[in-house]
J.: 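My questions all concern the structure below.
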Amino acid sequence: MAKVWVLAESAGGKVSSLSLELLTKARELGDTVEAVAWGADTASIAGDLGAHGASTVHDLGDLGTSLPGVSVAAAIAAAIEAGTGPDILLVGQSYDGRDVAGRLSAKLDKPVLTNVVGLAAGEPPVASHAIFGGATIVEATFTGSAPFIYAVRPKSFAAEPSGGSATVAPLSVPETGATNAATVVDRHVEERSGPQLDEAAVVVSGGRGLGEAANYAMIEELAKLLKGAPGASRAIVDAGWVPYAYQVGQTGKTVKPTLYIAAGISGATQHMVGMKGSKNIIAINKDQEAPILQIADLGIVGDVHKVLPQLIEALKARS
Amino acid sequence: MIGNAGDMNVVVCVKQIPDPANPGSLDANNNLDRSSKLIIDDSDMYGVEMALQLVHAAGSGEVSLVSMAPNGETAGLRTALAMGAEKAVLVSDDTLKGSDALGTAKVLAAAIKRIEGADLILAATESSDGYTGTTPVQVAEILGLPSVTFAKHIEVDGSTVKVQRQTEAGYDEVTCPLPALVTVTAGVVEPRYPSFKGIMAAKGKPLDQVTVADLGIDAAQVGGDGAGQKITNVTAAEARKAGEVVVDEGDAFQKIVAFLDQLKVI
């Protein structure tokens with residue numbers, strides 16, 4: 001039976017929810033589930049990783065000021081070469097996850113199935129991908145031999161504890177040379193108030209239809225009134241109205257809130273991939289043909305500059 | 001592989017894709033249908049612009065392009081040449097149809113080697129059609145170069161590139177010796193529009209069209225057969241239940257309030 005390794009990303013002593021989702025799924029794909037982790041204090045996250053199904057945490061230790069991609073890929077490749085590595089590797093479709101998958105793929109001359117939103121057990125497992133903005137589901141698998149690398153989108157699976165515990169075992173990083181020459185000289189944390197975009201029960205997103213950057217204030221106000229998080233389409237992130245961290249979509253965050261409100265967003269493929277899983281969708285757009293109106297539970301064909309202020313006033317009057 | 005001292009030579013990976021404004025479709029082999037006219041991927045405009053600005057800031061050097069297309073398409077490359085890039089290498093070959101990200105990376109890496117003296121290679125974080133987001137890093141690994149992904153700001157200082165790299169929490173400041181590969185997020189710079197003069201000049205710029213064999217790559221490594229992965233099933237996603245669409249007559253906000261009430265979010 002297959003040995004599955006899961007890339008365990010963490011920040012501030014907390015495992016990313018994506019990594020816990022992958023561990024949960026990994027239990028269906030193989031009989032041995034193990035995690036690969038790095039950082040100054042891997043012991044502190046081993047409990048959480050064990051509780052979600054990892055029997056061993058392969059600890060690369062503190063990678064210092066290097067970016068994780070090259071070191072982590074090199075350590076996994078060395079384990080595979082030594083015959084102690086995985087048959088299946090699950091990485092998150094995250095900043096560092098993609099770096100690891102790309103480096104490892106080229107190193108091993110093995111392909112990667114990316115943007116995976118579903119996995120079914122098999123030899124090798126079959127991956128599902130949502131294409132054309134989620135309108136079509138494609139199933140794909142590998143034709144060659146193990147190891148099989150899958151990069152999985154956030155929120156594809158629910159994270160559920162299994163009640164196990166993990167042993168921590170060191171995994172050494174081989175000499176990486178010139179490829180590992182990038183150095184992190186400073187880290188900046190951008191503070192945001194209110195709930196996290198990818199965890200909020202209500203998300204209110206704005207797009208190009210807002211007309212100008214100053215009008216994004218309406219999105220923030222509405223989000224606050226609904227105790228939700230403000231989000232954005234790629235168009236207004238590209239235009240510099242709001243930071244990249246606000247972006248919902250293929251390149252940005254995947255959200256699945258109870259309620260998603262899209263204001264002045266037409267519903268490009270890029271955006272739909274990131275929010276189509278929302279339980280309820282309200283869309284306001286002046287173009288009756290906008291694709292977003294076709295997937296909305298409540299679609300308003302109207303001007304956001306009129307509808308949003310009226311809605312905000314009505315909600316204020318009730319609170 | 002660094003060129004003349006002081007020169008800043010940048011190679012930009014450019015993808016030519018079906019116009020995203022039109023609905024996409026799959027061909028008989030379940031590959032994305034690329035038979036229509038291809039245009040430059042919007043995501044690559046940022047890399048081209050960034051490259052032009054870095055060369056300008058250095059005072060000398062040039063911007064080159066590499067691209068891969070199954071059908072000899074050059075329209076997207078001409079757009080980037082019209083913006084100010086000096087030359088392009090296009091790898092075009094029937095055997096490339098159905099290539100996966102790793103096969104593409106092998107081809108692009110070989111094309112980049114053909115352009116000597118690259119100090120910096122730029123690519124988008126991902127393409128707008130395939131969006132695997134792994135090709136640039138695979139290129140870096142094949143070429144034995146360091147890489148910094150998700151750049152939202154780039155400066156070159158002598159033989160070092162300084163990057164602000166997007167993270168979950170904010171951004172990291174990263175430095176990396178050249179030569180290196182950097183992927184840029186959309187919005188890293190504002191791409192220029194090609195001028196009429198630029199469009200005319202682009203027609204005369206060198207565009208070197210080569211085949212997989214010219215690059216010395218075994219055809220079995222690329223295309224659908226080299227991909228090492230296959231599509232087993234294609235189905236329509238479960239459609240969302242059609243909702244209610246209302247034309248605002250000044251009272252649509254009340255519909256929204258009623259909907260919010262029903263969901264108990266207010």
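Since we're looking at a predicted model, the values are computed, not measured. The sequence lines fix the lettering, A, B, ..., with proteins before strands; numbering per chain opens at 1.
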J.: Answer yes or no: is there a side-chain heavy-atom contact under 4.5 Å between A:Val112 and B:Gln138?
T.: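 Yes; the side chains approach each other to less than 4.5 Å.
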J.: Is there a side-chain contact between B:Phe253 and A:Leu308, using heavy atoms and a 4.5 Å cut-off?
T.: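 Answer no - side chains too far apart.
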J.: For each of B:Ile231, B:Val246, B:Thr134, tally heavy-atom pairs with chain A at distances under 4.5 Å, and name the one with the top tally.
T.: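 Most pairs with chain A among the choices: B:Val246.
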J.: Side chain, backbone, both or neither: which part of A:Val273 has a non-hydrogen atom closer than 4.5 Å to chain B?
T.: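 Contact with chain B: side chain only.
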J.: For the interface with chain A, which of B:Pro146, B:Pro20, B:Gly243 has the highest count of heavy-atom pairs at distances below 4.5 Å?
T.: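 Of the candidates given, the most pairs with chain A belong to B:Pro146.
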J.: Taking A:His188, A:His129, A:Gln270 one by one, which has the highest count of heavy-atom pairs under 4.5 Å against chain B?
T.: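 With the most close heavy-atom pairs to chain B, the winner is A:His188.
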J.: Chain A contacts: which residues in residues 257-266 of chain B have a non-hydrogen atom closer than 4.5 Å to it?
T.: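 Near chain A, by residue number: B:Val257, B:Phe259, B:Leu260, B:Asp261, B:Leu263, B:Val265, B:Ile266.
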J.: Who among A:Ser94, A:Gly69, A:Gly299 has the most heavy-atom pairs with chain B under 4.5 Å?
T.: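 It is A:Gly299.
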J.: Is the shortest side-chain heavy-atom distance between A:Leu67 and B:Arg165 below 4.5 Å?
T.: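 Side chain of A:Leu67 against side chain of B:Arg165, heavy atoms only: contact under 4.5 Å found.
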J.: Could you tell me whether the side chain of B:Lys230 reaches within less than 4.5 Å of the side chain of A:Thr141, counting heavy atoms only?
T.: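 A side-chain contact exists here, since the closest heavy-atom pair is under 4.5 Å.
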J.: In terms of side-chain heavy atoms, does B:Thr183 have a donor or acceptor partner in A:Arg98 at a distance below 3.5 Å?
T.: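 Looking only at side-chain atoms, A:Arg98 and B:Thr183 do not form any donor-acceptor pair under 3.5 Å.
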J.: How far apart are the C-alpha atoms of B:Thr235 and A:Thr136, what are their side-chain angles, what is the distance that settles it, and do they pass the side chain to side chain contact (heavy atoms under 4.5 Å, CB included) test?
T.: CA-CA 6 Å; B:Thr235 49; A:Thr136 303; over 6 Å; no
J.: Enter the distance from A:Gln247:CD to B:Gln166:CD here, rounded to the nearest 0.5 Å.
T.: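 Result: 9.0 Å between the selected atoms.
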J.: More than 12 non-hydrogen atoms from neighbouring residues, nucleotides or ligands closer than 6.0 Å to NZ on B:Lys255, yes or no?
T.: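 No - once you tally the heavy atoms of other residues, nucleotides and ligands closer than 6.0 Å, there are 12 at most.
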J.: Stepwise, does the side chain to side chain contact (heavy atoms under 4.5 Å, CB included) test hold for A:Val301 with B:Val245?
T.: CA-CA 7 Å; A:Val301 181; B:Val245 177; 3.6 Å; yes
J.: Give me the atom names and distance for the closest heavy-atom approach of A:Arg103 to B:Glu141.
T.: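 Closest heavy-atom pair between A:Arg103 and B:Glu141: NH1-OE1, 2.8 Å.
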J.: Suppose the criterion is salt bridge (charged side-chain N to carboxylate O under 4.0 Å, His left out): which pairs have a residue in residues 272-295 of chain A, not counting sequence neighbours?
T.: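 Not a single pair qualifies under salt bridge (charged side-chain N to carboxylate O under 4.0 Å, His left out).
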J.: Restricting to pairs with a member in residues 118-165 of chain B, which pass ring pair (Phe, Tyr, Trp, His ring centres under 6.0 Å), not counting sequence neighbours?
T.: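 Ring pair (Phe, Tyr, Trp, His ring centres under 6.0 Å) check on residues 118-165 of chain B returns A:Tyr95-B:Phe150.
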J.: Any salt bridge linking A:Lys253 with B:Glu168? Criterion: basic side-chain nitrogen under 4.0 Å from a carboxylate oxygen.
T.: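 Looking at A:Lys253 and B:Glu168, the cut-off is met.
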J.: Answer whether the closest heavy-atom distance between the side chains of B:Ile256 and A:Ile300 falls below 4.5 Å.
T.: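 Yes, their side chains come closer than 4.5 Å.
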J.: Under the salt bridge (Lys or Arg N to Asp or Glu O under 4.0 Å) criterion, do B:Lys106 and A:Asp109 qualify, and how do the steps go?
T.: CA-CA 10 Å; B:Lys106 289 173 184 171; A:Asp109 197 18; 2.7 Å; yes
J.: Would one find more than 12 heavy atoms of other residues, nucleotides or ligands at under 6.0 Å from atom CD of A:Glu199?
T.: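 Enclosed: over 12 neighbouring heavy atoms sit under 6.0 Å from CD of A:Glu199.
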J.: Heavy-atom distances under 4.5 Å only: say whether A:Gln93 touches chain B with side chain, backbone, both or neither.
T.: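 Contact with chain B is through the side chain of A:Gln93 alone.
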J.: Closest heavy-atom contact between A:Gly134 and B:Ala237?
T.: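 What the structure gives for the nearest pair is O-CB, 3.0 Å.
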J.: Give the member of B:Thr185, B:Asp172, B:Asp248 that has the highest number of heavy-atom pairs under 4.5 Å with chain A.
T.: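 With the most close heavy-atom pairs to chain A, the winner is B:Asp172.
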J.: Which heavy atom of A:Ala182 sits nearest to which heavy atom of B:Ser147, and what is that distance?
T.: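 Closest pair (atom of A:Ala182, atom of B:Ser147, distance): CB-O, 4.1 Å.
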J.: Show the nearest heavy-atom pair for residues B:Ser43 and A:Arg234, with the distance to one decimal.
T.: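 Looks like OG-NH2, 3.1 Å.
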J.: Quick one: are B:Leu32 and A:Ile131 in side-chain contact, heavy atoms under 4.5 Å?
T.: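 Not in contact.
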J.: Counting heavy-atom pairs under 4.5 Å with chain B, which one of A:Thr176, A:Val307, A:Asn115 comes out on top?
T.: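 So the answer, after comparing A:Thr176, A:Val307, A:Asn115, is A:Asn115.
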J.: Closest heavy-atom contact between A:Pro111 and B:Asp100?
T.: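 Shortest heavy-atom contact: CB-OD2, 3.4 Å.
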J.: Where on B:Ala180 is there a heavy atom nearer than 4.5 Å to chain A: the side chain, the backbone, both, or neither?
T.: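 B:Ala180 has no heavy atom closer than 4.5 Å to chain A.
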J.: What residue, out of B:Ser128, B:Ala105, B:Gly250, B:Ala101, has the most heavy-atom pairs lying under 4.5 Å from chain A?
T.: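 Option with the top pair count is B:Gly250.
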J.: Can you tell me which portion of A:Val70 sits under 4.5 Å from chain B's heavy atoms? Options are side chain, backbone, both or neither.
T.: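 Nothing of A:Val70, per the 4.5 Å heavy-atom cut-off to chain B.
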J.: Please walk me through it: do A:Thr183 and B:Val174 pass side chain to side chain contact (heavy atoms under 4.5 Å, CB included)?
T.: CA-CA 5 Å; A:Thr183 306; B:Val174 181; 5.7 Å; no
J.: Against chain B, label A:Asp297 side chain, backbone, both or neither, depending on which of its atoms sit under 4.5 Å from a heavy atom there.
T.: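 Looking at A:Asp297, backbone and side chain both touch chain B.
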J.: Side chain from CB out, backbone as N, CA, C, O: work out which of these in A:Ala201 comes under 4.5 Å of a heavy atom of chain B, or both, or neither.
T.: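 For A:Ala201, neither part sits under 4.5 Å from chain B.
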J.: State, to 0.1 Å, how close A:Asp238 and B:Ala186 come at their nearest heavy-atom pair, and which atoms those are.
T.: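 Between these two residues, the closest heavy atoms are OD1-CB, 3.0 Å.
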J.: As an exercise: rank A:Val237, A:Asp96, A:Leu104 by heavy-atom pairs under 4.5 Å with chain B and give me the winner.
T.: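 Looking at each option in turn, the highest pair count goes to A:Asp96.
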J.: Sort out for me which of A:Leu293, A:Thr269, A:Leu259 touches chain B most, counting heavy-atom pairs under 4.5 Å.
T.: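 Maximum pair count with chain B is reached by A:Leu259.
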J.: Which residue pairs satisfy the side-chain hydrogen bond (donor to acceptor under 3.5 Å, both in side chains) criterion with at least one member in residues 23-36 of chain B, sequence neighbours excluded?
T.: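 Those involving residues 23-36 of chain B are B:Asp33-B:Ser35, B:Arg34-B:Asp129.
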J.: If you count heavy-atom pairs under 4.5 Å with chain B, which of A:Ala73, A:Gly302, A:Ser105, A:Gly12 comes out on top?
T.: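 Looking at each option in turn, the highest pair count goes to A:Ser105.
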J.: Need one label for A:Ile282: side chain, backbone, both or neither, based on atoms under 4.5 Å from any heavy atom in chain B.
T.: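 For A:Ile282, the side chain is the part near chain B, not the backbone.
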J.: If I measure from the heavy atoms of chain B, does A:Ala296 come under 4.5 Å with its side chain, its backbone, both, or neither?
T.: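 Answer is backbone: N, CA, C or O of A:Ala296 sit under 4.5 Å from chain B.
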J.: Checking side chain to side chain contact (heavy atoms under 4.5 Å, CB included) for the pair A:Thr251/B:Glu126: CA distance, chi angles, key distance, verdict?
T.: CA-CA 8 Å; A:Thr251 343; B:Glu126 60 199 356; 2.7 Å; yes
J.: Pick one of side chain, backbone, both or neither for A:Leu225, based on which atoms fall under 4.5 Å of a heavy atom in chain B.
T.: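 Contact with chain B is absent: no heavy atom of A:Leu225 under 4.5 Å.
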J.: Is chain A contacted by the side chain of B:Lys162, its backbone, both, or neither, given a heavy-atom distance below 4.5 Å?
T.: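 Neither part.
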J.: By a 4.5 Å heavy-atom criterion (distance strictly below it), what part of A:Thr114 contacts chain B: side chain, backbone, both, or neither?
T.: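 Side chain of A:Thr114 only, per the 4.5 Å heavy-atom cut-off to chain B.
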